[in-house]
Amino acid sequence: MPELPEVETICNAIKHNIDSPKIDEFQIINNKLRWKINKNIPSKVNGQTIKKIYRRAKYIVFEFHNGSLIIHLGMTGKFRKIQGTYTSIKHDHFLIKMADDNIFVYNDVRKFGSIHWASDISDHFLMKNIGVEPLTDDFNNLYLKNKTTKSRMKIKNLIMDQKIIAGVGNIYASEALFLSKIRPTKIAYRLSKSMCEHLVRSIKTVLKKAVKYGGTSIKDYKTLDGNSGYFTQKLLVYGLDKCRCGEKIRNVKISGRSSFYCPKCQK
DNA sequence: CTGAGATCCTGTCTGC
DNA sequence: TGCAGACAGGATCTCA
């Protein structure tokens, strides 16, 4: 899926593509997503004004006075903006027609995405166990050291755990570990204090940079206008054959996910 | 409690 | 060209 930078990019794109924040009509096209789309959503949001659009972890949140829409893009979820008449294409799931005549259509090939209505978002099951936002001060050396000290997980799994850090996925986990010179297979509690500090810095650096470049496009990710992100060209290990040091990059499976690292640069 | 594996679904690519 | 199998950026659930 889109990870933090991609969701942030899409969130910003939606914000900037809304002239009037009032929703005319929410329409369910195909309710089969990760969780069936609740039939009551239209009655909650039709005619309502969006107070705020923001990202939390990998979720896009539309906030209203009476509650929030929580959207996850799964692996292949994307929005496209159209104007005028809606023409359906394969794998469309729902659309949000704004009063300003813009229509945002959600399309998801693999159906791993989701949309929920929550009257109280802090209480929602998808939200209440989410960990710290990595780009805030809450994510710091002390926080990561506390988490790693008592964990026997492989460090890559730990930083991808949404209950611990919100928004880091498979690509940026590999990239951050490369910057930190730590192997993805290293057991969390074996990280030294300075390794933890380096990792905190690296996660922040890589995410910020990816946001700046509009995200990464490996396969399915597209921003609102159909463009791919430019961070793809900035990747240092993910999906690459050769490290900049000349060494061949290894691709190992960790909990079933491809994990790239340079055996020479990462210890 | 922890951590690993199966699972949801479709499209694309590789190899025979 | 056909077809089987592997694989894809997520995260929840089940089980040991």
Side-chain angles (χ1 to χ4, degrees), chain A residues 1-10 29-37 55-60 70-79 89-93 106-116 124-131 134 146-178 184-190 203 206-207 210-211 213-223 228-241 251-260:
Chain A
M1 143 185 172
E3 305 180 33
L4 183 151
E6 290 75 34
V7 179
E8 181 86 19
T9 303
I10 291 165
I29 299 154
N30 172 2
N31 69 8
K32 223 171 155 289
L33 282 177
R34 176 89 200 258
W35 288 275
K36 226 172 165 182
I37 302 175
R55 178 194 61 75
R56 168 76 173 113
K58 298 175 192 170
Y59 295 94
I60 298 169
I70 308 167
I71 298 163
H72 197 293
L73 303 170
M75 296 264 224
T76 53
K78 34 186 164 289
F79 277 101
I89 63 175
K90 208 173 174 186
H91 307 303
D92 280 350
H93 288 271
Y106 179 85
N107 183 284
D108 192 344
V109 173
R110 286 175 71 187
K111 301 173 173 49
F112 286 177
S114 63
I115 178 162
H116 288 268
H124 193 266
F125 80 104
L126 289 173
M127 291 299 214
K128 61 182 177 189
N129 294 319
I130 298 283
N146 278 339
K147 294 293 182 187
T148 54
T149 301
K150 49 189 172 185
S151 174
R152 309 185 71 83
M153 285 167 94
K154 294 187 177 72
I155 188 60
K156 175 163 174 278
N157 282 342
L158 185 139
I159 62 174
M160 283 176 66
D161 187 335
Q162 300 302 298
K163 293 190 288 298
I164 298 173
I165 306 172
V168 176
N170 205 33
I171 295 180
Y172 298 112
S174 281
E175 291 296 311
L177 286 163
F178 176 80
T185 47
K186 199 167 181 73
I187 302 301
Y189 73 86
R190 305 196 62 168
I203 289 173
V206 75
L207 292 176
V211 169
Y213 284 99
T216 302
S217 172
I218 297 293
K219 284 181 122 173
D220 297 299
Y221 166 72
K222 290 276 188 283
T223 51
S228 304
Y230 294 103
F231 191 75
T232 315
Q233 303 150 21
K234 309 280 171 190
L235 293 172
L236 296 172
V237 271
Y238 190 91
L240 301 183
D241 288 329
N251 177 4
V252 295
K253 293 271 178 222
I254 299 175
S255 296
R257 314 295 300 278
S258 297
S259 311
F260 295 83

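Each chain gets a letter, A, B and so on, in the order its sequence line appears, and its residues count up from 1.
- Of all heavy-atom pairs between A:Arg34 and A:Ser114, the closest is CB-CB, 4.3 Å.
- Relative to the side chain of A:Ser255, the nucleotides B:dC9, B:dA4, B:dG3 differ in distance, and B:dA4 lies closest.
- Atom P of nucleotide B:dG3 and atom CG of A:Asp161 are separated by 9 Å, given to the nearest angstrom.
- Listed nucleotides B:dA4, B:dG3, C:dA11 differ in distance to A:Met153; the shortest reach to its side chain belongs to B:dG3.
- Contact check, A:His91 against B:dG11: a side-chain N or O comes under 4.0 Å of OP1 or OP2.
- If you check C:dT12, B:dA4, C:dC7 against the side chain of A:Asn157, the one that comes closest is B:dA4.
- Checking side-chain atoms of A:Arg56 against main-chain N and O of A:Lys58 turns up no donor-acceptor pair under 3.5 Å.
- Residue A:Gly256 is out of contact with every strand shown, counting any heavy-atom pair closer than 4.0 Å.
- Backbone-only engagement by A:Lys90 is indicated by non-hydrogen atom pairs under 4.0 Å involving sugar-phosphate atoms exclusively.
- A:Tyr59 and A:Gln162 are not linked by any side-chain donor-acceptor pair at a separation below 3.5 angstrom, with hydrogens and angles left out of the test.
- Regarding A:Arg34, its CZ atom lies at a distance of 11 Å from the P atom of B:dC8, rounded to whole Å.
- A:Met160 places its CE atom 12 Å from the P atom of C:dT12, with the value rounded to the nearest Å.
- Nearest heavy atoms, A:Asp92 versus A:Asn30: O-CB, 3.5 Å.
- As rounded to whole Å, 8 Å separates atom P of B:dG3 from atom CD1 of A:Ile164.
- The side chain of A:Ser151 sits closest to B:dG3 out of C:dA11, B:dG3, B:dT10.
- Neither side chain, A:Asn107 nor A:Lys90, offers a donor N or O lying under 3.5 Å from an acceptor on the other.
- Going from atom CG of A:Asp108 over to atom C1' of C:dA11 covers 14 Å, rounded to whole Å.
- Of the P atoms belonging to B:dC9 and C:dT14, the separation is 16 Å, rounded to the nearest Å.
- When the nucleotides B:dA4, C:dT12, B:dC9 are ranked by their closest atom to the side chain of A:Arg110, B:dC9 comes out on top.
- Comparing B:dT10, C:dA11, C:dT12 against the side chain of A:Trp35 picks out C:dT12 as the nearest.
- Residue A:Lys32 has a polar side-chain atom (N or O) positioned under 4.0 Å from OP1 or OP2 of B:dC9.
- Across all strands shown, nothing is found opposite B:dC9 as a Watson-Crick or G-U wobble partner with both distances under 3.5 Å.
- The side chain of A:Leu126 approaches C:dT12 more closely than any other nucleotide in the set B:dA4, C:dA11, C:dT12.
- Distance A:Asn31 CG to B:dC8 C1': 15 Å, rounded to the nearest Å.
- Here A:Lys253 lies in heavy-atom contact (under 4.0 Å) with sugar-phosphate atoms only.
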